[in-house]
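Working notes, structure below.
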Amino acid sequence: MTHEAEIVDVYDLTPKVKGFRLRVPGHEFEFEPGQHTTVRFESGDETVVRPYTPTNLPGTDELALTIRRYEDGLASSYMHTKRPGDKVTIGPIEGNLKLADPDQDVAFLASGTGITPLLSILRQYLRDGTGHAHVVLGEKREETIIHRGMLNEMAANYPNLDVTFTLSDPNWEWTGRVGYVQEHLEELFDEFNNRDFYICGVPPMVVQTKQKLLDLGTPEEGVHS
């Protein structure tokens with residue numbers, strides 16, 4: 001089932017990433033945090049369908065989406081032309097990524113826009129979870145860190161949440177961690193067999209991070225990607 005959604009707001013997150021608030025009046029979105037919807041539109045003779053994961057929790061008539069613009073990306077370029085008041089067609093919310101156990105310690109390991117599918121799961125965990133959560137987000141440069149302010153505010157509000165940023169190509173002013181997410185796992189975590197790890201990012205990062213976790217003793221059922 002598709003819906004025609006009105007764009008309520010559009011806002012810049014980084015130079016190439018925008019946030020969108022979409023509303024379907026009278027409809028309550030019900031989904032498992034971590035699942036994705038799709039944006040659908042016609043381009044010539046082609047129907048373009050692209051998945052995007054809401055970053056908000058279910059239970060309202062709105063979805064919040066985070067979309068990076070790619071120069072050759074049909075859907076991202078289409079969405080980045082939209083303004084408040086415009087309408088877009090969205091598909092049903094589905095997918096298999098979701099919180100496995102709210103009573104287990106968790107880690108969310110992401111690169112770039114890979115943080116967006118994990119944000120709603122993080123919100124759910126902070127609301128319902130009983131353990132400790134750690135977000136590790138890798139980016140290229142400081143100015144391209146997505147949702148940095150939101151994550152820092154969450155960390156300030158929830159004592160059971162740690163947030164770590166690491167940059168692969170920082171400038172000289174950066175004093176935080178340097179390198180890729182998977183290079184810092186042993187320094188950031190003491191044990192690997194009693195925490196669930198959720199991974200999302202570019203394919204090489206996901207593959208390398210998953211293998212590193214398995215090598216460090218994480219059981220396969222503790223790795224979600």
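Quick note: residue numbers are just sequence positions, from 1. Values below: every heavy atom of this structure, side chains too, minus hydrogens, waters and symmetry copies.
- Closest of all the heavy-atom pairs between Ser77 and Gly73 is OG-O, 2.8 Å.
- Other residues, nucleotides and ligands contribute at most 12 non-hydrogen atoms within 6.0 Å of the NZ atom of Lys98.
- Looking at every heavy atom in both residues, Val181 comes nearest to Gly138 through CG2-N, 3.5 Å.
- Going from atom CE of Met150 over to atom CG of Leu13 covers 7.5 Å, rounded to the nearest 0.5 Å.
- Put simply, the side chain of Leu188 does not reach to within 4.5 Å of the side chain of Asp162, judged on heavy atoms.
- His184 and Arg177 share a donor-acceptor pair across their side chains, judged by distance under 3.5 Å alone.
- Counting non-hydrogen atoms of neighbouring residues, nucleotides and ligands closer than 6.0 angstrom, the CD atom of Glu220 reaches no more than 12 such neighbours.
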- Query: Given the rule in the salt bridge (Lys or Arg N to Asp or Glu O under 4.0 Å) test, do Lys212 and Glu183 qualify, once you have shown the distances and angles that lead to the verdict?
  - Reply: CA-CA 9 Å; Lys212 185 73 175 289; Glu183 297 171 347; over 6 Å; no
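- Separation of atoms OG1 (Thr166) and CG (Leu109) is listed at 12.0 Å; rounding is to 0.5 Å.
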- Which is it for Arg148 and Glu139 under the salt bridge (Lys or Arg N to Asp or Glu O under 4.0 Å) test, yes or no, and what are the steps along the way? CA-CA 11 Å; Arg148 185 183 185 183; Glu139 253 297 354; over 6 Å; no
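- Atom CZ of residue Phe108 and atom OG1 of residue Thr164 lie 13.5 Å apart, to the nearest 0.5 angstrom.
- Looking at heavy atoms from C-beta onward, Val136 lies in side-chain contact with Phe189 at the 4.5 angstrom threshold.
- Formation of a donor-acceptor pair under 3.5 Å by the Ser168 side chain with backbone atoms of Gly179 is not found in this model.
- For residues 40-58, the side chain to side chain donor-acceptor pair (under 3.5 Å) pairs, not counting sequence neighbours, are Thr38-Arg40, Glu42-Thr47.
- Taking the side chain as every heavy atom from C-beta outward, Thr144 and Lys16 never approach each other to under 4.5 Å.
- Here the closest non-hydrogen pair linking Val8 and Arg23 is CG2-CB, 3.5 Å.
- A donor-acceptor distance shorter than 3.5 angstrom exists from the side chain of His80 to the backbone of Ile67, with no hydrogens or angles considered.
- No path of Ile, Leu, Val, Met, Phe, Trp and Tyr side chains, each step under 4.5 Å between heavy atoms, connects Ile115 with Leu57, placing them in separate hydrophobic clusters.
- Using bins of under 30°, 30° to 60° and over 60° for the plane-to-plane angle, the ring pair Phe41/Tyr78 lands in the parallel bin.
- Here side chain to side chain donor-acceptor pair (under 3.5 Å) pairs that include residues 193-208, with residues two or more places apart or in two chains, are His132-Arg195, Gln182-Gln208, Glu191-Asn194.
- Listed by first and then second residue, the side chain to side chain donor-acceptor pair (under 3.5 Å) pairs that reach into residues 114-126 come to none, sequence neighbours excluded.
- Under a hydrophobic clustering in which Ile, Leu, Val, Met, Phe, Trp and Tyr are joined whenever their side-chain heavy atoms come within less than 4.5 Å, directly or via other members, Leu118 and Val223 fall into different clusters.
- Summarising the local packing, CG of Asn96 is surrounded by 12 or fewer heavy atoms from other residues, nucleotides or ligands at distances under 6.0 Å.
- Side chains of Val106 and Ile121 form no contact here, defined as non-hydrogen atoms less than 4.5 Å apart.
- The CE atom of Met205 sits 6.5 Å away from the CD1 atom of Ile199 when rounded to the nearest 0.5 Å.
- Annotation: side-chain hydrogen bond (donor to acceptor under 3.5 Å, both in side chains) contacts of Asp103 (sequence neighbours excluded): Thr130.
- Pairs engaging residues 149-160 under the side chain to side chain donor-acceptor pair (under 3.5 Å) rule: none recorded [sequence neighbours left out].
- A donor-acceptor contact shorter than 3.5 Å links the side chain of His36 to the backbone of Glu94.
- Looking only at side-chain heavy atoms (C-beta outward), Leu137 and His147 stay at 4.5 Å or farther from each other.
- Residue Pro25 comes nearest to Asp61 through the heavy atom pair CA-OD2, 4.0 Å, listed as atom of the first residue, atom of the second, then distance.
- When all heavy atoms of Val163 and Ala155 are compared, the pair lying nearest together is CG2-CB, 3.9 Å.
- A donor-acceptor pair under 3.5 Å links the side-chain atoms of Thr218 to the main chain of Phe192, judged by distance alone.
- Looking only at side-chain heavy atoms (C-beta outward), Ile146 and Leu151 stay at 4.5 Å or farther from each other.
- Shown here are the salt bridge (Lys or Arg N to Asp or Glu O under 4.0 Å) partners of Asp86, two or more places apart in sequence or in another chain: there are none.
- Summarising the geometry of His3 relative to Phe29, their closest heavy-atom pair is CD2-CE2, 4.5 Å, with the distance given to 0.1 Å.
- For the atom pair NZ of Lys140 and CD1 of Ile145, the computed distance is 14.0 Å after rounding to the nearest 0.5 Å.
- In Lys18, the NZ atom is crowded: over 12 heavy atoms of neighbouring residues, nucleotides or ligands sit closer than 6.0 Å.
- Hydrophobic clustering of Ile, Leu, Val, Met, Phe, Trp and Tyr side chains at less than 4.5 Å, counting indirect connections, unites Phe165 with Val178.
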